[in-house]
There are 2 protein chains.
Amino acid sequence: MAEPLSSEQAGQLAPLMKALADPVRLRLLSLVAAHADGEACVCDLNDAFDLSQPTISHHLKVLHEAGLLDRSKRGTWVYYRIKADVLAGVAGLLGGVGR
Amino acid sequence: MAEPLSSEQAGQLAPLMKALADPVRLRLLSLVAAHADGEACVCDLNDAFDLSQPTISHHLKVLHEAGLLDRSKRGTWVYYRIKADVLAGVAGLLGGVGR
DNA sequence: CACGGACATCGACGTATGTCAATATTGAGG
DNA sequence: CCTCAATATTGACATACGTCGATGTCCGTG
């Protein structure tokens, strides 16, 4: 019912959707979001999957480069934090398409 | 903050996100949704892109098989209708992850 | 400063994806 | 029936993706 997405809008939204279009990444994102302060250590995330450490690292990189996760290194550990506003923006745009 | 997605939830959500993770399909979906009755003829959609007819047909099939578009043939023409509830469900789940 | 642990990067592999030209299918009309 | 227009399917191609093992980098600690 709203205006159709412009070519540019679609071109900007698509990479975000692509980052979210993988079951492992969806779970990673929700695991980070579910952590008390919206922040999780990679060491915790690795154990939640039956996948190699490089694979998890790769997926985290994809989510980070898409702008969905913030990355901060503290000492030996790396923490990822969810960017809730970005995710909310995607959800909003998506919901807006259908209505 | 909510519970993290289960492996099954992620496995069900991911194919929907995958279907939405393409700029052409995002525009197709929004074009269909923007049509007066939430329904659009393929003939209209073809002209909106600089892509071959088979390519558009392919993308519509992906959206249809993902459960995001309904398909109905009337005479020579085929009409696709948006399943707004499904799209809203996806947007809702996504928004729920971040909060 | 050497070692060990946490995480990232690289290189390789099989598989999936987007695109097109060519062809098939379906239905309307003469 | 035969033909034409609208859409789908097929086959082929290049590229992108998910995964792993091996290796690199950074940092705290003895």
Side-chain angles (χ1 to χ4, degrees), chain A residues 5 7 10-32 35 39-82, chain B residues 5 7 10-32 35 39-82:
Chain A
L5 267 57
S7 192
Q12 295 190 332
L13 184 51
L16 281 166
M17 301 297 299
K18 242 182 165 71
L20 293 167
D22 181 281
V24 175
R25 288 198 290 270
L26 283 172
R27 285 189 63 202
L28 275 173
L29 202 72
S30 74
L31 279 172
V32 173
H35 261 238
E39 187 176 71
C41 170
V42 176
C43 52
D44 297 333
L45 301 172
N46 264 319
D47 300 344
F49 298 86
D50 209 18
L51 292 170
S52 71
Q53 174 264 320
T55 297
I56 300 298
S57 187
H58 163 68
H59 284 304
L60 287 170
K61 182 181 187 178
V62 171
L63 288 169
H64 173 57
E65 288 182 339
L68 287 161
L69 288 181
D70 262 341
R71 182 183 186 279
S72 76
K73 188 169 190 170
R74 292 204 290 277
T76 308
W77 293 275
V78 173
Y79 295 85
Y80 283 93
R81 174 181 296 278
I82 190 160
Chain B
L5 267 54
S7 192
Q12 294 190 332
L13 185 51
L16 281 165
M17 301 297 299
K18 242 180 162 69
L20 293 167
D22 181 281
V24 175
R25 288 199 289 270
L26 282 172
R27 285 189 63 203
L28 274 173
L29 202 72
S30 75
L31 278 172
V32 171
H35 260 239
E39 187 178 70
C41 172
V42 176
C43 52
D44 296 333
L45 301 172
N46 264 318
D47 300 345
F49 297 85
D50 210 18
L51 292 170
S52 71
Q53 174 265 322
T55 296
I56 299 299
S57 186
H58 164 68
H59 285 304
L60 287 170
K61 183 180 185 176
V62 171
L63 288 169
H64 173 57
E65 289 180 339
L68 287 161
L69 286 181
D70 262 340
R71 182 184 184 278
S72 75
K73 188 168 191 173
R74 291 204 291 276
T76 308
W77 293 274
V78 172
Y79 295 84
Y80 283 92
R81 173 181 297 276
I82 191 163

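All of these numbers come straight from a predicted model, not from anything done at the bench.
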Q. Which nucleotide in the set C/dG18, D/dA22, D/dA6 lies at the smallest distance from any side-chain heavy atom of B/Thr76?
A. D/dA6
Q.
Looking at D/dG18, I'd like to know if its phosphate oxygens (OP1 or OP2) sit under 4.0 Å from a side-chain N or O belonging to A/Thr55.
A. no
Q) When you measure from the side chain of B/Cys43, which nucleotide among D/dT7, D/dT9, D/dG21 comes out closest? A) D/dT7
Q. Can you tell me if the side-chain N/O atoms of B/Arg71 get under 4.0 Å from OP1 or OP2 in D/dT7?
A. no
Q | B/Lys73 side-chain proximity, nearest of D/dT9, C/dT9, C/dT26 | A | C/dT26
Q) Given D/dA6, is OP1 or OP2 found less than 4.0 Å from the side-chain N or O atoms of B/Tyr79? A) no
Q: Tell me yes or no: between the side chains of B/Arg71 and B/His64, is some donor less than 3.5 Å from an acceptor?
A: no
Q. Between B/His64 and D/dA8, does any side-chain N or O lie under 4.0 Å from OP1 or OP2?
A. no
Q: Provide, to the nearest angstrom, the distance between the CG atom belonging to A/Leu51 and the P atom belonging to C/dC7.
A: 16 Å
(Q) Whole angstroms only, please: what is the CD-P distance between B/Gln53 and D/dT9? (A) 11 Å
Q: Give the nucleotide from the list C/dT19, C/dA8, D/dA8 with an atom nearest to the side chain of B/Val24.
A: C/dT19
Q: Let me know, please, whether A/Gly75 or A/Ser52 comes out on the 5' side of the other along DNA chain D by nearest nucleotide.
A: A/Ser52
Q) Roughly, in whole Å, what's the span from NZ in B/Lys18 to P in D/dG18? A) 6 Å
**Q.** B/Asp22 side-chain proximity, nearest of D/dT7, C/dT9, C/dG18
**A.** C/dG18
Q: Round to the nearest Å and state the distance from B/Asp50 atom CG to C/dG18 atom P.
A: 18 Å
Q. Does A/Arg74 have a side-chain nitrogen or oxygen under 4.0 Å from the phosphate oxygens OP1 or OP2 of D/dC27?
A. no
